[in-house]
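Down below is the structure, laid out as structure tokens.
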Amino acid sequence: MGLVERRSHRHQHLLLVVAVAAIAIAVGAVATDANDAPAATKPHILMVIVDDFGWAEVGYHREGTEKDQVLTPTIDSLVAEGIELNRHYVHQMCTPTRTSFQSGRLPVHVLQDLAGPCQPKCGVPRNMTGVAQHLLKGGYATHFVGKWDAGMTTPKHTPKGRGYQSSLNYFGHGNWMWNENEWQGSQNNKTTRPPCDPPNCFNDFWDTDSPARNLNNTVYEEEIFRDRMNDIINAHDPSQPLFLTYASKVAHYPLQAPKEYQDKFSFIDQPNRRVYHAMVNYLDDNLKNVTSVLKARGMWNNTLMVLTGDNGGYVLALEGGCDVHTTDGGFMCYNGEAGANNYPLQGGKYSHLEGGVRVNAFVSGGFVPPNMRGTKEEGIVHVADWYATFAALAGVDPTDHEAAASGLPPIDSINMWPLLSGQTQTSPRPNVLLSDQALVNGEWKVLVGKVRNAAWGGPEYPNATTATDPIGHHSRDCGKGCLYNVHVDPNERNDLSAQNPQQLESMLELLANLSKTIWPNDPGNVDPRCAEAAQNLYGGFYGPWMELDLEV
């Protein structure tokens, strides 16, 4: 595609965003009239979800010379100007976390399994109300950019069906960042990337209600996302509240980054770690860009920015080297699942240990009260809690009446704004049921049965020493219960079950009682009609395949 043609396509997309913004202003005016909260009190909301984000991959979680391993000046500055959330919990895997945020439920009450978009019950159940639907009623313009991973079965399951007026997204766990081919899973000791041939592989890139053909296979995907966010913000009327969710591809597999970013980390010999750090640095630059545009539009002083990981960083085996068959001479990594670091926390993605479920998170922006800036919050917050928090800021009731009418579980979300604004000193969330084998309650945590990824890395993980002994090779049998005080021992080095049998018994009793509320939701087997629609209806792109006449 030539430069002139690419500019033309960008211009077409800008006109679309302007049109959507104009419609949103009209709708927002009507919705705001029906609300008690005046529009002037409603902040712009920038929600950032980072993929597979290791605890040690930000400067503010490192000290001294260890900071030299990463390059996140924007993130570090935003944390310093906002509130660090030191105990922000998510699920151990991406689909349940993203479904939790969009639906306002703990994963145990909506989806606990990793699921792909061609599984009929992947993501948010059809008759649940999405967070953006509430904000739309509150007069917000709503837009989504990035990884969806919360369902695709019907138009209702897409971002547009969940209340986002525009979206530029992919539906699955990951895709290739220069051509948007779907990611087919990690490889084992391959030397060239696998082909993407229908009917076994398709493109995964969607623009609101149709394939993103004009943007597919153009430039680095995070650059496309950056440009779309810029278009949205520049076309937006600052007098109307904006809800923009940016779900970055960084730093999910496969690992890819422009060579000029990889070169910044040439001192790192291990290629997975080098590319991972390069991707995070690219994300940091994207955040600098989007916050700068908000400031230029005069919107930052009334913006609440929330950033969270979707789970800890992956710490599995390398399963082979990285590929150098790239157009610019950099690495791309698709073997194994390694490169992230959760130091000093134990474990990582796929584990209930803190390294898998306690993630990098903070709030920032001019809407944060001055007296709360530069503070660290030690209370429990869950990703599901942003649903009720955002609804409260929008002046709308977060109750999911559609779900109730369908016999589905109610929301678990708790409004965290009184805590974050300094009105109260204690988190309103007492606990998080992670699964029927893991519970966090106040300062205590109990784990039962086999625990995955039960080891610690160092500040330069992975490295040559750990290549044959990764964290992913370690597990621990907690049997009837391991007990940790994760407030004073976040690294989970001291099992206190023998010293505190009464506390262990109390935690196990609470775990058993809360586990009775778990809502089973099997996402189902892959539906072959999904691939048929991708091939015959969408011309090689994934999209919804059921109830296609449904208006959303």
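All values derive from a computational prediction rather than experimental measurement.
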Among side-chain atoms of [X] and [Y], is any donor-acceptor pair under 3.5 angstrom?
X      : Y      : value
Thr517 : His109 : yes
His91  : Asn311 : no
Tyr484 : Glu443 : no
Glu378 : Asn86  : yes
Ser421 : Gln423 : yes

Main-chain N/O of [Y] paired to [X] side chain as donor or acceptor, under 3.5 Å:
X      : Y      : value
Arg162 : Ser103 : no
Gln240 : Asp237 : no
Ser77  : Pro73  : no
Asp113 : Ala115 : no
Asn127 : Ser406 : no
Asp284 : Thr74  : yes
Tyr276 : Gly54  : yes
Ser167 : Phe144 : no
Gln346 : Glu492 : yes
Thr375 : Met372 : yes

Legend entry - Contact list for residues 388-416, test ring-ring contact (aromatic ring centres under 6.0 Å, His included), sequence neighbours left out: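 Sorted pair list: Phe243-Phe390, Trp386-Phe390.
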
For the residue pair [X] and [Y], is the inter-centroid distance of their aromatic rings smaller than 6.0 Å?
X      : Y      : result
Tyr542 : Tyr170 : no
Phe205 : Phe171 : no
His252 : Trp183 : yes
Tyr538 : Trp545 : no

Legend entry - Single hit among Thr389, Asp385, Thr424 for side-chain contact (heavy atoms from CB on, under 4.5 Å) with Trp417: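 Output: one option passes, namely Thr389.
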
Inset, instruction - For a side-chain contact (heavy atoms from CB on, under 4.5 Å) with Arg226, tell me which candidate from Asp285, Asn286, Leu283 qualifies. - result: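 For Arg226, the side-chain contact (heavy atoms from CB on, under 4.5 Å) test succeeds with only one of Asp285, Asn286, Leu283, which is Asn286.
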
Inset, instruction - State which residues pass ring-ring contact (aromatic ring centres under 6.0 Å, His included) with Tyr350; sequence neighbours excluded, sorted by chain then number. - result: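 With sequence neighbours excluded, Tyr350 shows a ring-ring contact (aromatic ring centres under 6.0 Å, His included) to no residue whatsoever.
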
Is a salt bridge present between [X] and [Y], judged by a nitrogen-to-oxygen distance below 4.0 Å?
X      : Y      : result
Glu377 : Arg87  : no
Asp51  : Arg98  : yes
Lys156 : Glu402 : yes
Asp52  : Lys349 : yes

Inset, instruction - For the pair Trp148 and Tyr164, name the ring-plane relationship: parallel under 30°, tilted 30 to 60°, perpendicular over 60°. - result: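 Plane angle over 60°, so perpendicular.
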
Inset, instruction - Assign the ring pair His134 / Tyr387 to parallel, tilted or perpendicular, where the plane angle (0 to 90°) is split at 30° and 60°. - result: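 Rings of His134 and Tyr387: perpendicular, as their planes differ by over 60°.
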
Separation of [Y] [atom2] from [X] [atom1] (nearest 0.5 Å):
X      : Y      : atom1 : atom2 : value
Arg297 : Thr303 : CZ    : OG1   : 11.5 Å
Ile380 : Asn431 : CD1   : CG    : 7.0 Å
Ile411 : Arg105 : CD1   : CZ    : 7.0 Å
His157 : Met546 : NE2   : CE    : 8.5 Å
Leu46  : Leu78  : CG    : CG    : 9.5 Å
Leu433 : Leu510 : CG    : CG    : 8.5 Å

Legend entry - Member of Glu222, Lys147, Glu221 meeting the side-chain hydrogen bond (donor to acceptor under 3.5 Å, both in side chains) criterion with Ser248: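 Testing each of Glu222, Lys147, Glu221 against Ser248, the sole residue satisfying side-chain hydrogen bond (donor to acceptor under 3.5 Å, both in side chains) is Glu222.
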
Inset, instruction - Go through the steps for Val383 and His88 under the test side chain to side chain contact (heavy atoms under 4.5 Å, CB included), then give the verdict. - result: CA-CA 7 Å; Val383 69; His88 188 280; 3.9 Å; yes

Side-chain heavy-atom pair [X], [Y] within 4.5 angstrom cut-off:
X      : Y      : result
Leu434 : Leu439 : no
Val145 : Asn169 : no
Met416 : Ser427 : yes
Val79  : Ser364 : no
Thr426 : Leu419 : no
Leu106 : Ser100 : no
Leu242 : Ile45  : no
Arg126 : Thr153 : no

Inset, instruction - Show your reasoning for whether ring-ring contact (aromatic ring centres under 6.0 Å, His included) applies to Tyr314 and Tyr253. - result: CA-CA 9 Å; Tyr314 36 75; Tyr253 255 56; 5.2 Å; yes

Legend entry - Which residues share a side chain to side chain donor-acceptor pair (under 3.5 Å) with Asp522, sequence neighbours left out: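 With neighbours one apart ignored, the set is empty.
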
Legend entry - Phe53 and Leu307: CA distance, side-chain angles, deciding distance, side chain to side chain contact (heavy atoms under 4.5 Å, CB included) verdict: CA-CA 11 Å; Phe53 201 13; Leu307 182 144; 4.2 Å; yes

Inset, instruction - Could you go through the side-chain hydrogen bond (donor to acceptor under 3.5 Å, both in side chains) check for His352 and Gln92 one step at a time? - result: CA-CA 6 Å; His352 286 129; Gln92 58 178 321; 3.2 Å; yes

Inset, instruction - Mind running side-chain hydrogen bond (donor to acceptor under 3.5 Å, both in side chains) on Glu182 and Asn175 for me, showing each step along the way? - result: CA-CA 4 Å; Glu182 69 169 303; Asn175 61 5; over 6 Å; no

Inset, instruction - Show your reasoning for whether side-chain hydrogen bond (donor to acceptor under 3.5 Å, both in side chains) applies to Asp400 and Thr129. - result: CA-CA 6 Å; Asp400 191 343; Thr129 303; 2.7 Å; yes

Inset, instruction - Kindly indicate, with the supporting measurements, whether the criterion side chain to side chain contact (heavy atoms under 4.5 Å, CB included) is fulfilled by Leu294 and His44. - result: CA-CA 10 Å; Leu294 286 168; His44 306 297; 5.6 Å; no

Legend entry - Neighbour count above 12 (heavy atom, 6.0 Å) for Asn371 CG: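 Yes - once you tally the heavy atoms of other residues, nucleotides and ligands closer than 6.0 Å, there are more than 12.
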
